[in-house]
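Every chain is numbered from 1, with letters handed out A, B, ... down the list of sequences.
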2 protein chains.
Amino acid sequence: MTKKPDEATVAAWIGLSRAQRVAMARVEARLKAEGLPPLAWYDALWELEKAGEQGLRPYELERAMLFEQYNLSRLAERLCRAGLIERDACPHDRRGRVLKISEAGRAMRRRMWDTYSEAIEEAVGAKFSLAEARSLAALLRKLE
Amino acid sequence: MTKKPDEATVAAWIGLSRAQRVAMARVEARLKAEGLPPLAWYDALWELEKAGEQGLRPYELERAMLFEQYNLSRLAERLCRAGLIERDACPHDRRGRVLKISEAGRAMRRRMWDTYSEAIEEAVGAKFSLAEARSLAALLRKLE
DNA sequence: GATGGGTAGATGCAATTGCATTGACCTAGA
DNA sequence: TCTAGGTCAATGCAATTGCATCTACCCATC
């Protein structure tokens, strides 16, 4: 039989799923209450904003966001329909696309951040001291 | 303006979503590879097994699992169709139901645990010392 | 310059989830 | 007892996700 997890590992696993679901639900609820789009939109817009002028290929964004290929394809379509990104043909690879954030996209990202950041503070910041938050972030980084 | 999160808080938040998604994806993939049902089934079966003889009302299971009411209603229906639980009328409240795990349900839960526990060990246990796992679990508990 | 194997992205279809609402019942208070 | 307001669970419908597959294209090799 392969190695089994000890108590602490199981507790960490359970804590991870529950904590994430609780925190995520609070943050998403906050965005929805303001009539804003879901978090995935923010993530995509932020990655594209960071990428700057030359944008990102869908497969790059897909990896940055840990999204499935088909989900990213559809998310991009929705963002495009909403006018928040542009989806051009790729000059170097005719199979491909290049995704770029639009002005409206930048505005939406900023607007979402106002609410999102408050929600993060409430859901996470308020529960921890600075040292605890650092410690948690460091531990979580080891999981990837 | 309401209080904004500091760097460490944002890092903890991002770490939380990414770590959870990575770990969850690995564990779910493992179950799927063995032809087993998704994790939510395990959670439900485990809660019902812990509840023992008298079972649980759907709304109790819903709270234990942090599920939406309509999702739990449908999950219960699927589990029932698969023969893993029983869904009886509730004697004390004629609106309600009582969910109980079946023998097949207990067998399935055990079978899933063989794979699930290995996956937890790989996805979480292998990344941490005992002290780290304890520390992570303790920090995550503060989030709820 | 053909071709086989691989990568990028899209999409049809089925399953699941989210949302709003319903129907049935419970319970506290007039 | 009757009723108003609430809770429990289910469900119609729309949106999203998962899965499998498709088309178009790239590229290394012959």
Side-chain angles (χ1 to χ4, degrees), chain A residues 17 21 24-44 47-48 51 54-82 85-100, chain B residues 21 24-44 47-48 54-82 85-100:
Chain A
S17 353
R21 270 190 291 179
M24 183 66 72
R26 285 183 191 147
V27 171
E28 288 277 18
R30 196 68 194 288
L31 288 170
K32 188 168 315 174
E34 303 280 343
L36 293 167
L39 257 181
W41 287 38
Y42 181 88
D43 289 346
E47 291 296 333
L48 290 173
Q54 88 276 8
L56 287 177
R57 299 287 299 271
Y59 72 89
E60 295 175 304
L61 185 53
E62 169 194 329
R63 282 158 206 180
M65 294 181 67
L66 309 176
F67 247 55
E68 300 293 331
Q69 183 272 320
Y70 51 83
N71 279 334
L72 186 79
S73 181
R74 282 157 171 160
L75 174 60
E77 197 200 316
R78 277 172 246 150
L79 289 168
C80 197
R81 266 207 310 269
I85 69 171
E86 273 143 41
R87 185 165 56 156
D88 306 329
C90 175
H92 303 303
D93 183 342
R94 294 197 316 184
R95 293 168 304 183
R97 302 278 200 148
V98 179
L99 307 179
K100 291 177 190 159
Chain B
R21 269 190 291 179
M24 183 65 73
R26 285 184 190 145
V27 171
E28 287 277 20
R30 195 68 193 288
L31 288 170
K32 189 168 315 174
E34 304 279 343
L36 293 168
L39 256 181
W41 288 38
Y42 181 88
D43 289 345
E47 291 296 333
L48 290 174
Q54 87 276 10
L56 288 179
R57 299 287 300 272
Y59 73 88
E60 295 174 306
L61 185 53
E62 170 195 328
R63 282 158 206 179
M65 293 180 68
L66 309 176
F67 248 54
E68 299 293 332
Q69 183 272 320
Y70 50 83
N71 279 333
L72 186 79
S73 180
R74 281 154 171 162
L75 174 60
E77 196 201 317
R78 278 172 245 149
L79 289 168
C80 197
R81 265 208 309 272
I85 69 171
E86 273 143 42
R87 186 166 54 157
D88 306 330
C90 175
H92 302 304
D93 184 341
R94 294 196 316 185
R95 292 168 303 183
R97 301 279 199 146
V98 179
L99 307 179
K100 292 177 189 160

* **Atom-pair distance (CD on A/Glu60; C1' on C/dA8), nearest Å** => 12 Å
Side-chain donor-acceptor contacts of residues 57-64 of chain A below 3.5 Å, not counting sequence neighbours, with atom names and distances?
{"from": "A/Arg57", "atom 1": "NE", "to": "A/Arg97", "atom 2": "O", "distance (Å)": "3.0"}
{"from": "A/Glu60", "atom 1": "OE1", "to": "A/Arg57", "atom 2": "N", "distance (Å)": "2.8"}

* Asked: Out of curiosity, A/Met65 CE to A/Asp43 CG, how far, rounded to the nearest 0.5 Å?
  -> 5.0 Å
* To do: With sequence neighbours left out, write down each residue that passes salt bridge (charged side-chain N to carboxylate O under 4.0 Å, His left out) with B/Arg26, or none if nothing qualifies.
  => none
* For B/Arg87 and D/dC8, give me the distance from atom CZ to atom P, rounded to whole Å. => 17 Å
* Whole-Å distance separating the CG atom of B/Leu72 from the P atom of C/dC19 -> 17 Å
* Structure fact -> salt bridge (charged side-chain N to carboxylate O under 4.0 Å, His left out) filter on A/Arg81, not counting sequence neighbours, yields A/Glu77
* Could you check how far CG of A/Leu75 sits from P of C/dA8, rounded to whole Å? => 18 Å
* Asked: Under the salt bridge (charged side-chain N to carboxylate O under 4.0 Å, His left out) test, which residues partner B/Arg78, sequence neighbours left out?
  -> none
* Mind checking side-chain contact (heavy atoms from CB on, under 4.5 Å) for B/Ala82 and listing every partner two or more places apart, or none if nothing turns up? => B/Trp41, B/Leu84
Between the protein and nucleotides 21-27 of chain D, which nitrogen or oxygen pairs are less than 3.5 angstrom apart?
{"from": "D/dC26", "atom 1": "OP1", "to": "A/Arg94", "atom 2": "N", "distance (Å)": "3.1"}

* Asked: Can a side chain N or O of A/Arg63 be found less than 4.0 Å away from OP1 or OP2 on C/dA8?
  -> yes
* Looking only at non-hydrogen atoms, find the nearest pair between A/Leu48 and A/Leu99 and report the distance. => CD2-O, 3.5 Å
* Apply salt bridge (charged side-chain N to carboxylate O under 4.0 Å, His left out) to B/Glu47 and list each qualifying residue two or more places apart in sequence or on a separate chain. => B/Lys50
* Please state how far atom CZ in B/Arg97 lies from atom P in C/dA24, giving the value in whole angstrom units. => 14 Å
* **Set of side chain to side chain donor-acceptor pair (under 3.5 Å) partners for A/Arg95, sequence neighbours left out** => A/Asp93
* Asked: How many Å lie between CG on B/Leu99 and C1' on D/dA10, as a whole number?
  -> 13 Å
* Asked: Rounded to whole angstrom units, what separation is found between the CZ atom of A/Arg57 and the P atom of C/dT7?
  -> 14 Å
* Can you sort out which residues in residues 28-36 of chain A have a heavy atom within less than 4.0 Å of DNA chain D? Ascending by number, please. => none
* Return the set of residues passing side-chain contact (heavy atoms from CB on, under 4.5 Å) with B/Glu68 (not counting sequence neighbours), or none when no residue passes. => B/Tyr70, B/Asn71
Identify the pairs formed between an N or O of the protein and an N or O of nucleotides 14-17 of chain D at a distance under 3.5 Å, and give each distance.
{"from": "D/dT17", "atom 1": "OP2", "to": "A/Arg78", "atom 2": "NH2", "distance (Å)": "3.4"}

* Can you tell me how far the CG atom of A/Leu56 sits from the CD1 atom of A/Ile85, to the nearest 0.5 Å? -> 10.0 Å
* For atom CG of A/Leu79 and atom C1' of C/dA10, their distance in whole Å -> 16 Å
